[in-house]
Amino acid sequence: METACGFSNDSLIITFTGYMDQFLPESKGFGEFFFAKNGIDAIHVISKSNEWYQYGEMKDIINIILKYKSSYRNVFAYGISMGAYAAIRYGNVLDAIVIAMSPQYSINPSVMPGETRWLREAHRIFFTEEESVIKNPHKTIVFYDPLQYSDARHVDRIAKDIDICRVPIPYSGHFVAAYLS
């Protein structure tokens with residue numbers, strides 16, 4: 001976890017990194033350069049493996065974040081793909097507005113039949129966060145490509161658990177954030 005705070009006490013962004021092909025000690029948080037450049041306080045949760053945030057220490061990390069976030073009026077949880085999964089799953093306990101781009105409900109084939117994009121990871125992960133439905137954050141805004149069948153299925157499944165504001169971005173594929181930038 002890395003922090004970049006001290007710009008203001010108005011808004012805090014909590015980011016969760018997405019899936020990465022390689023993990024480097026100097027890996028930066030999702031959007032870290034942008035937020036620092038624009039004077040936006042941020043806490044970056046940087047995954048060191050593609051485990052969909054199924055780590056035993058996540059409760060400790062969330063508790064640390066809760067201590068930092070208490071002085072902010074507006075708190076946002078933000079991520080893309082695997083990071084959006086975490087933003088949605090932890091948005092309620094963080095008392096945050098969630099901004100999720102191309103999120104998954106689960107990569108566990110027993111939860112999302114037909115999901116085959118991350119089977120190698122899914123078969124080695126012990127899913128603990130999916131034992132219950134997602135709890136509603138204040139607000140959840142989901143950017144996704146409705147024409148990307150797999151992503152649209154996940155968004156529909158997320159919407160069964162929580163209220164979401166859908167922002168469809170047709171023809172953007174799974175990489176909605178890259179398309180928007």
Side-chain angles (χ1 to χ4, degrees), residues 1-8 10-55 57-69 72 74-107 117-118 121-122 125 129 134 137-145 148 150-151 154-155 158 162 164-167 169 172-181:
M1 187 174 74
E2 187 170 306
T3 63
C5 298
F7 298 114
S8 80
D10 186 44
S11 295
L12 174 68
I13 309 291
I14 302 160
T15 74
F16 296 89
T17 57
Y19 186 97
M20 290 190 274
D21 291 325
Q22 60 179 336
F23 299 92
L24 305 170
E26 65 274 5
S27 293
K28 297 295 183 190
F30 180 57
E32 184 173 347
F33 177 75
F34 173 84
F35 295 124
K37 178 182 169 192
N38 290 286
I40 301 169
D41 285 5
I43 295 174
H44 304 284
V45 181
I46 303 169
S47 179
K48 295 299 180 188
S49 64
N50 294 320
E51 304 289 326
W52 264 255
Y53 294 90
Q54 302 300 302
Y55 308 113
E57 62 269 19
M58 279 309 294
K59 287 184 172 128
D60 295 333
I61 291 169
I62 296 301
N63 285 331
I64 292 167
I65 293 170
L66 289 171
K67 290 177 188 173
Y68 274 98
K69 77 165 227 47
Y72 291 90
N74 304 301
V75 178
F76 301 88
Y78 179 51
I80 184 168
S81 189
M82 181 180 81
Y85 168 93
I88 287 172
R89 290 277 169 184
Y90 297 111
N92 177 276
V93 70
L94 291 169
D95 198 24
I97 295 170
V98 173
I99 301 170
M101 298 190 176
S102 304
Q104 290 90 54
Y105 181 81
S106 173
I107 64 164
R117 294 176 287 180
W118 300 283
E121 289 82 2
I125 298 171
E129 297 301 325
I134 302 168
H138 282 302
K139 184 173 198 170
T140 303
I141 305 163
V142 176
F143 294 81
Y144 74 108
D145 182 347
Q148 210 289 338
S150 295
D151 284 357
H154 284 275
V155 172
I158 291 165
I162 63 173
I164 64 172
C165 174
R166 296 176 193 238
V167 182
I169 312 289
S172 60
H174 184 66
F175 302 101
V176 167
Y179 182 85
L180 290 173
S181 69

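When all heavy atoms of Ser102 and Val176 are compared, the closest pair comes out as OG-CG2, 3.4 Å. Between Pro137 and Ala96 the shortest heavy-atom distance is CB-O, 3.5 Å. Residues Ile125 and Gln54 share a closest heavy-atom pair of CG2-CG, 3.5 Å. Contact detail for His44 and Gly31: the closest heavy-atom pair is CE1-C, 4.3 Å.
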> side-chain contact (heavy atoms from CB on, under 4.5 Å) between Asp151 and Arg117: does it pass, once the steps are laid out?
Replying inline: CA-CA 11 Å; Asp151 284 357; Arg117 294 176 287 180; 2.8 Å; yes
>> Run Gln104 and Trp52 through side-chain hydrogen bond (donor to acceptor under 3.5 Å, both in side chains) and show every step you take.
In response: CA-CA 10 Å; Gln104 290 90 54; Trp52 264 255; 2.9 Å; yes
>> Checking Ser81 against Phe175 for the side-chain contact (heavy atoms from CB on, under 4.5 Å) test, could you report, in this order, the C-alpha distance in whole Å, the side-chain angles of both residues, the deciding distance, and whether it holds?
In response: CA-CA 8 Å; Ser81 189; Phe175 302 101; over 6 Å; no
> Could you walk me through whether Ile97 and Asn74 pass the side-chain contact (heavy atoms from CB on, under 4.5 Å) check?
Replying inline: CA-CA 8 Å; Ile97 295 170; Asn74 304 301; 5.8 Å; no
> Between Thr17 and Ile80, is a side-chain contact (heavy atoms from CB on, under 4.5 Å) present by the stated rule, with each step listed?
Replying inline: CA-CA 7 Å; Thr17 57; Ile80 184 168; over 6 Å; no
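A 4.5 Å side-chain heavy-atom check between Val142 and Ile99 finds every atom pair outside the cut-off. Between Val167 and Ile141 there is a side-chain heavy-atom pair separated by less than 4.5 Å. The shortest side-chain heavy-atom distance between Met58 and Ile62 falls under the 4.5 Å cut-off.
Within the 6.0 Å centre-distance limit, the rings of Trp118 and His174 are counted as a close aromatic pair.
For the salt bridge (Lys or Arg N to Asp or Glu O under 4.0 Å) test, residues two or more places apart in sequence or in another chain that qualify with Arg166 are Asp156. Legend: residues meeting side-chain hydrogen bond (donor to acceptor under 3.5 Å, both in side chains) with Asp95, ordered by chain and number and at least two apart, are His138. For Gln148, there are no side-chain hydrogen bond (donor to acceptor under 3.5 Å, both in side chains) partners two or more places apart in sequence or in a different chain. With sequence neighbours excluded, the residues satisfying side chain to side chain contact (heavy atoms under 4.5 Å, CB included) with Ile88 are Val98, Ala100, Pro103, Ile134, Thr140, Ile158, Ile162. Tyr179 is linked by a side chain to side chain contact (heavy atoms under 4.5 Å, CB included) to Ile169, Ser172, counting only residues two or more places apart in sequence or in another chain. Taking the side chain to side chain contact (heavy atoms under 4.5 Å, CB included) definition, one finds that Ile13 meets it with Thr15, Phe35, Ile40, Ala42, Phe76, Tyr78, sequence neighbours left out.
Tested against Tyr53, the residues Tyr85, Tyr19, Phe16 include a single ring pair (Phe, Tyr, Trp, His ring centres under 6.0 Å) partner, Phe16.
Donor-acceptor pairing under 3.5 Å is recorded for the side chains of Asp41 and Tyr72.
Interatomic distance, Asn63 CG to Tyr68 OH, rounded to the nearest 0.5 Å: 13.5 Å. Here the straight-line distance linking atom CG of Leu94 with atom CG of Leu12 works out to 9.5 Å at 0.5 Å rounding.
Heavy atoms from other residues, nucleotides or ligands lying under 6.0 Å from NZ of Lys139 number 12 at most.
Side-chain atoms of Asp145 come within 3.5 Å of backbone atoms of Gly173 as a donor-acceptor pair (strictly under, hydrogens ignored).
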